[in-house]
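First the structure, in the form of structure tokens, and then the observations on it.
Owing to the predicted nature of the structure, the values given are computational and were not obtained by experimental measurement. Reminder, nothing fancy here: chain letters follow the sequence lines and each chain counts from 1.
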Amino acid sequence: MIWLTWRQFRGSAAMMAAALGVLAVALAVTGPGLASTFSAGIAACTADNTCDNFYNRFFGEYQLPFMAMTLVVLLLPALVGLFWGAPMITRELEAGTHLLVWNQSITRGRWLAVKLGLTGLSAVAAAGLCGLIVTWWSGPLDESAAEGMALMAPLVFGARGIAPMGYAAFAFVLGVVVGMLVRRTLPAMALTLAVFAAIQLALPTMVRPHLLAPVTATFELSMANVDSISIPREGGAAPRLTLRDAVPGRAGSWVLTNELLDSAGRVVSAGSGGSGAVINVSSTSGPCAPGSAAAGGGDGCLGEVNRLGYRQQVTYQPLERFWLFQWIETGIYALLAVGLTWLSFWWIRRRLS
Amino acid sequence: MNAVLQAQGLGKKYGRRWALRECTLDIPAGRVVGLVGPNGAGKTTLLKLASGQLEPTSGGITVLDGRPAATPAQLARVGFVAQDTPVYAGLTVSDHLRLGARLNSRWDAAMAGERIARLGLIPAHRAGKLSGGQRAQLALTLGLAKRPELLILDEPVASLDPLARREFLQGLMEATVEHEFSVVLSSHLVSDLERVCDFLVVLVGSRVQVAGEVDTLLATHHRLTGPRREPVRLAADQHVVSESHTDRQSTFVIRADAPIHDSAWTVTQLSLEDLVLAYMDKHEVRR
């Protein structure tokens, strides 16, 4: 049975191995260069304290390959589910060959066990390998990434560490089960993609933020968490303050909510994004007036805003929880995969023929 | 063991439609059984139930005294060549033999190799490139080399031309003589089965109409022709299978265990084909 499974699977396995080989070689060639540029840049910038600039420049330079690699790791599990999982049973049903193979001296359960085992393990291995290579390669970039692109950011989190293995195992078994239920290759592929994409969107938005209780903290306003203060040129109108989705002193955190509080502790309005929150500071006189020496969001104006009692209140998942979250999320997907595997065995014995 | 297939009240339902119902059969070992009936009569359903591809909705079926496809041992004893003789299009002929060897404990490699060579199939050819006849022969080879005690074939010759049809059935018959196994094969054409079968099951409208040894069936069915008369008076052991009337003449096909002694009738023998047609006809009338 192992021979037959391999004989049917070796084409796709070879293709995957070739693609991963190319990727591995490309990353192995460019990775060390990336790392040495990064460490040289860090050494230079710590001397004159311009590391924020260096991070921005460095990340900006490699943003395209960074995004491309992240996308590759995110797509791989979906492709596995689509092209390895969904057609596994439907191809047999469509060609009628299930009638041939299920009448050899081997039970359907055993047939399915070997097929799921061998192909599933290959899928997990491919996704794991791909994920870990990319994690290694993008290490310097992950350190210098802007908020929203850091390791804990929803898009990046799923493309690093061990989570891709969980995704691949789940996507593969999902494809197999959908194939059993739908019995036709193309609809099964479409449905697999739709379900997997829905779950991949639902988990980071609805489940992952609550894996552990997020940290809530209040911070004084500073360059670390204020994006801008815009002061209207014609006096009279109130200035608007826009927050950055960043936690001062906790780089790489995943910000869940980010609000501006006034001196009474009331939420002024969500202070990040858009046109910012209106703050009750005089823009006709004092440090925030257009003509003043420190105008335009300078320290003087920021100091005045702080003096008036405005604070940033932020809830976030800190970067230290990255590996914990990786294990939890991989576990969730592994459990889902086990459940679907059980369903597939039940279905092939009872319902499928 | 003296029965290869026993069914009691066997039924299979797809959704709300019965594909097979109230099927009770007892097929003795060592026969070549023909399962005949029009398209959609339930032949494939019955054969899939016998091979364990389907689970019955009602009743029970035992094949060689075991539950179909329950264990690897049971699977090894029953060969199944499905309708349209499916093979893996992407695998070569020799891959298929290797598949058989890997998945069957009782695989007869010598026989399989010899058969492939005799048929002129090239081992390196992909099965997808074979003609319909060659593909059927390959599927039959897989079924035979498994060395089953019962080989089930579902419409194996339906898509073959007359020459390939004859060769296929000839090969099957040679193998049954050599290796002594039972065969159940289905067809919607009696002429295919006439030459090879010694036991016949007629399945029409998802029910078994008649089943028995071909010789017995031929001996107990008669065609009566005579002047027109409508409510027929028949002896207690005689059953009308079909009837047809013209203005002056009536024709009946009846089943009777005893010889017919009635001077009013002209009694003629039925061919197997006529017999089967009479049962199909009867079903039409009842509908």
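- For B:Ile152, no part sits under 4.5 Å from any heavy atom of chain A, backbone or side chain.
- Annotation for B:Leu103 and A:Gln104: closest pair CB-CB, 3.6 Å, computed over non-hydrogen atoms.
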Side-chain atoms of residues 15-27 of chain B: list all donor-acceptor pairs with protein atoms under 3.5 Å, sequence neighbours left out, distances to 0.1 Å.
| from | atom 1 | to | atom 2 | distance (Å) |
| --- | --- | --- | --- | --- |
| B:Glu22 | OE1 | B:Arg207 | NH1 | 2.9 |
| B:Thr24 | OG1 | B:Gly9 | N | 3.1 |

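- Listed here is the closest heavy atom pair of B:Ala82 and A:Leu99: CB-CD1, 3.4 Å.
- In this structure, the portions of A:Ile106 lying under 4.5 Å from any heavy atom of chain B include both its backbone and its side chain.
- Of all the listed residues (B:Arg98, B:Gln74, B:Lys146, B:Arg106), the one sharing the greatest number of non-hydrogen pairs under 4.5 Å with chain A is B:Arg98.
- Pairing each heavy atom of B:Tyr88 with each of A:Val101, the nearest pair is OH-CB, 3.4 Å.
- Partners of B:Asp108 according to the side chain to side chain donor-acceptor pair (under 3.5 Å) rule, which considers only residues two or more places apart in sequence or in another chain, are B:Arg147.
- In terms of modelled atom types and a separation under 3.5 Å, the side chain of B:Asn104 and the main chain of A:Ser105 share a donor-acceptor contact.
- At least one donor-acceptor pair closer than 3.5 Å links the side chain of A:Arg108 to the backbone N or O of B:Gln53.
- Within the 4.5 Å cutoff, the side chain of A:Thr107 has heavy atoms near those of the B:Leu75 side chain.
- Proximity to chain A is limited to the backbone of B:Thr71, based on heavy atoms less than 4.5 angstrom apart.
- Between chain A and the residues B:Asp84, B:Leu142, B:Leu91, the most heavy-atom pairs under 4.5 angstrom are made by B:Leu91.
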